[in-house]
Amino acid sequence: MKFANNQELANIFYEIAYFLEMEGVPFKPYAYEKAAIILENLEEDIKDIYQRKGFKGVKAIPGIGESIAKKIEEYLKTGKVKYYEEFKKRYPVDIEELTSIEGVGPKMVKVLYEKLGITNLKELEKAARQGKIRNLPGFGKKTEENILQGILFLKKSGGRFLLGEVLPLAQEIEKRLKRVKGVKKISIAGSLRRRKETIGDVDILVVATKPEAVMEEFVKLPGIIKVWGKGTTKSSIRLETGIDVDLRVIPERSFGSALQYFTGSKDHNIALRKIAIDLGLKLNEYGVFKGNKFVAGKTEEEVYEILKMQWIPPELRENRGEIELAQRNRLPEIIELKDIKGDLHTHIKWKAKWDGGANTIQEMVETAIRRGYQYFGIASHTKALKIEHGLNEKQLEERNKEIDKINKTLEGKLVVLKGAETNILKDGSIDIKDEALKKLDYTIAGIHSHFKMEKSKMTERIIRAMKNPYINIISHPTGRILKKRDEYQIDFDKILRAAKETGTVLEINSYPERLDLNDINIKRAKEAGVKLIINTDAHHKDQLRYMEFGVSQARRGWAEKEDIVNCWPLKKMLKFFNKKSKRS
DNA sequence: GCCGTTTTCGGCCCGACTGTTTTCAGTCG
């Protein structure tokens, strides 16, 4: 996480918001939640702000007033917030866990605790199985069933799915429904359209002359395990993978406003509605209204236009400053898939077993040509990574010769580059000698062992690797595996400074489980003037298509062509690499 | 609890659905 203090405080305020909601206190929950979001996205350690500018400096942050500033001060001085501790004592419940169950909110948690003493998921499941829930006031048999189902679902899926597994499924559904007669418009909406790294469920919107026909096709899709809410305007299915898909039929004149509404994010929409109010308008999923008069809604473009701003690409809609820029006509020109000129992090099958890839250089290169790339880098694993049969110096040399041979046959259709994904050892040294690195076009270095080092040591370890003049790229810089492994402990600001100073590029790894750097870190890197590269880490030729996910992640991080070195022409990119090593 | 060319009080985003009710609270997106 960015700054430990900020995150800790944010978590405390999120929980306070829940507690206040439990008690039915109006408006305060919103204030605490807002403060939590602000803290999470703060570009500076709140402790530094407090030390430099004191209580006043904290209070000066928009969204943080007298009362919350006091609690921040208290936390920084004592490590605790009394107001929060008292809530915790009154309701010793794992409120985050409990409310993560679909259909369970703060009010229910309160009843569950006060009547049955339930504090966590396990206890809730037990009570539900024993049939104790149905007799609670305001609860019933159906609620009890829903809670059990919700728990089951949560256990199975962790609640969210990877972008990389959901997007192809959703696109396939979209394609099938598009073919139904009478379908005029169709679009994926929701967090999937914003290309978030994980997806809760899929929303698809459709305009059709014969809605019944679309609904009928929808509930007949292959791989469905459950259908519900089968109405005239909305229908839901659950697929074998456990993900829910909602289909909504929209009146034609409202398609744009519905698409805007269902794409979100929630924060972005709230901000837009406030702007609408300021303009004397009302914005909802049916359109933009002046009084009772419909004034816009057929397309998203006209919705944004009437709110006096540029149309905002879905990936930017997180209320992180995009609205202000759109109002000033200053949105960044974020990159597109077609801007990508090559992929520099790919693995091959070499002499039966080395490097751990599934396809030969030739096969990978053919796919790369089909993708329209101008250059393509092979970044073979190196010797310290035994599990992938990493190459040693001599084997790298052999492989280089093979690449030379293939380049000759390509007649400039594409240039194959000689790279390696070396290992950053525990002390920050590289597992391949400089002499061998010198002969490559570029070198990647990544951490593949000793993930659990202390923060300062891990940071130093990566910085030492970046200081090596032959290391051009740090692969998957934070090491997280979505839903499995947290990032390793690093001081990302220090990493950024070192990357800038040494001219080292940070990778946006497109592998669906990684997507590392994430959107927030990409934006920070861009702001720090650090160059980035989007790579797939493909171990199979079919995985070269993962590029799409890395690009959407980069878009979410506001990256423009100039920020991404593999949007550059080959010469310019190599020149940037060589500047570091003086290799020429 | 926060905020202010509707400034120190009175607002705070909006609508639908579900399950529980018999007119609505809670939850969701």
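Just so we're on the same page: letters track the sequence lines, and every chain starts at 1.
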For this session: Answer yes or no on whether A:Lys71 is positioned over the face of A:Tyr84, meaning its NZ or CZ is under 6.0 Å from the six-membered ring centre and within 45° of the axis.
Result: no

Exercise. Quantified in whole Å, what is the C1' atom distance between nucleotide B:dT5 and nucleotide B:dG1?
Worked result: 24 Å

Exercise. Considering residues at least two apart in sequence or located in another chain, which fulfil the side chain to side chain contact (heavy atoms under 4.5 Å, CB included) criterion with A:Thr299?
Worked result: A:Glu301, A:Glu302

Seminar exercise, completed: Answer for the Watson-Crick or wobble partner of B:dT8, both distances under 3.5 Å, is none

Problem set entry | Rounded distance (Å) that lies between atom C1' of B:dG19 and atom CD1 of A:Ile147 | 12 Å

Exercise. Taking atom CD of A:Glu125 and atom CD1 of A:Ile151, what is their separation to the nearest 0.5 Å?
Worked result: 5.0 Å

Hey, can you pull the donor-acceptor pairs under 3.5 Å for the side chains in residues 96-105 of chain A, sequence neighbours left out?
| from | atom 1 | to | atom 2 | distance (Å) |
| --- | --- | --- | --- | --- |
| A:Glu97 | OE1 | A:Leu121 | N | 2.7 |
| A:Thr99 | OG1 | A:Tyr18 | OH | 3.4 |
| A:Thr99 | OG1 | A:Ile95 | O | 2.7 |
| A:Thr99 | OG1 | A:Glu96 | O | 3.3 |
| A:Ser100 | OG | A:Glu97 | O | 2.5 |

Problem set entry | Atom-pair distance (CD on A:Glu66; P on B:dC3), nearest Å | 11 Å

Exercise. When you check the side-chain N and O atoms of A:Ser236 and A:Asp244, is any donor under 3.5 Å from an acceptor?
Worked result: no

For this session: Please round to the nearest 0.5 Å and tell me the distance separating atom CG of A:Asn120 and atom CG of A:Leu112.
Result: 11.5 Å

For this session: Ignoring backbone atoms, test whether A:Asn146 places a side-chain nitrogen or oxygen under 4.0 Å from the OP1 or OP2 oxygen of B:dT18.
Result: no

Exercise. How long is the line joining CG of A:Leu259 and P of B:dG29, in whole Å?
Worked result: 18 Å

Exercise. Whole Å only: how far is the CD atom of A:Glu145 from the C1' atom of B:dG19?
Worked result: 12 Å

For this session: Please measure how far the P atom in B:dT21 lies from the corresponding atom in B:dA16, and state the result in whole Å.
Result: 24 Å

Exercise. Which heavy-atom pair separates A:Ala128 from A:Ile133 by the least distance, and what is that distance?
Worked result: CA-CG1, 3.6 Å

Problem set entry | Whole-Å gap separating P (B:dG29) and CG (A:Asp246) | 9 Å

Do any N or O atoms of the protein come closer than 3.5 Å to N or O atoms of nucleotides 14-17 of chain B, and which pairs are they?
| from | atom 1 | to | atom 2 | distance (Å) |
| --- | --- | --- | --- | --- |
| B:dG15 | OP1 | A:Lys282 | NZ | 2.9 |
| B:dA16 | OP1 | A:Tyr286 | OH | 3.2 |

Exercise. Under the side chain to side chain contact (heavy atoms under 4.5 Å, CB included) test, which residues partner A:Glu74, sequence neighbours left out?
Worked result: A:Thr78, A:Val81, A:Lys82

Exercise. Side chain to side chain contact (heavy atoms under 4.5 Å, CB included) with A:Asp519: which residues, sequence neighbours excluded?
Worked result: A:Arg320, A:Arg556

Problem set entry | A:Asp267 CG to B:dG29 P, straight-line distance once rounded to whole Å | 14 Å

Exercise. Taking atom C1' in both B:dT20 and B:dT27, what distance in whole Å separates the two?
Worked result: 13 Å

Side chains of residues 276-296 of chain A: which donor-acceptor partners sit under 3.5 Å, not counting sequence neighbours?
| from | atom 1 | to | atom 2 | distance (Å) |
| --- | --- | --- | --- | --- |
| A:Asn284 | OD1 | A:Tyr286 | N | 2.8 |
| A:Asn284 | OD1 | A:Gly287 | N | 3.3 |

For this session: Can you sort out which residues in residues 113-131 of chain A have a heavy atom within less than 4.0 Å of DNA chain B? Ascending by number, please.
Result: none

For this session: Whole angstrom is fine here: how far is it from CD1 in A:Ile38 over to C1' in B:dC2?
Result: 10 Å

Seminar exercise, completed: By side chain to side chain contact (heavy atoms under 4.5 Å, CB included), A:Lys47 pairs with (sequence neighbours left out) A:Asn5, A:Asp45, A:Gln51, A:Leu76

Exercise. What is the distance, rounded to the nearest whole Å, between atom CD1 of A:Ile37 and atom C1' of B:dC2?
Worked result: 14 Å

For this session: Name the nucleic acid region contacted by A:Ile270, choosing base, sugar-phosphate or nothing; use a 4.0 angstrom heavy-atom cut-off, strictly under.
Result: base

Seminar exercise, completed: The correct set of residues in residues 292-317 of chain A placing a heavy atom under 4.0 Å from DNA chain B is none

Problem set entry | Within 6.0 Å of CD in A:Glu333, more than 12 heavy atoms from elsewhere | no

For this session: With P as the reference atom in both, quote the distance from B:dG29 to B:dT22 in angstrom, rounded to an integer.
Result: 28 Å

Exercise. Sequence neighbours excluded, which residues qualify as ring pair (Phe, Tyr, Trp, His ring centres under 6.0 Å) partners of A:Tyr511?
Worked result: A:Tyr546

Exercise. To the nearest 0.5 Å, what is the distance between NE2 (A:His268) and CG (A:Asn319)?
Worked result: 8.0 Å

Problem set entry | Qualifying residue, where the test is side-chain contact (heavy atoms from CB on, under 4.5 Å) with A:Leu482 and the options are A:Arg514, A:Glu197, A:Arg160 | A:Glu197

Problem set entry | Separation between the P atoms of B:dC28 and B:dT23, rounded to whole Å | 25 Å

Problem set entry | Rounded C1' spacing from B:dT7 to B:dC2 in Å | 13 Å

Exercise. Under the 6.0 Å and 45° cation-pi test, does A:Arg524 pair with A:Phe3?
Worked result: yes

Exercise. Can you list, by residue number, the residues of residues 22-36 of chain A that have a non-hydrogen atom closer than 4.0 angstrom to DNA chain B?
Worked result: A:Phe27, A:Lys28, A:Tyr30, A:Ala31, A:Tyr32

Close N or O pairs between protein and nucleotides 20-28 of chain B (under 3.5 Å):
| from | atom 1 | to | atom 2 | distance (Å) |
| --- | --- | --- | --- | --- |
| B:dT20 | OP1 | A:Gly140 | N | 2.6 |
| B:dT20 | OP1 | A:Gly140 | O | 3.3 |
| B:dT20 | OP1 | A:Thr143 | N | 3.3 |
| B:dT20 | OP1 | A:Thr143 | OG1 | 2.7 |
| B:dT27 | OP1 | A:Gly105 | N | 2.8 |
| B:dT27 | OP1 | A:Gly105 | O | 3.0 |
| B:dT27 | OP1 | A:Met108 | N | 3.0 |
| B:dT27 | OP2 | A:Lys107 | N | 3.3 |
| B:dC28 | OP1 | A:Gly103 | N | 2.7 |

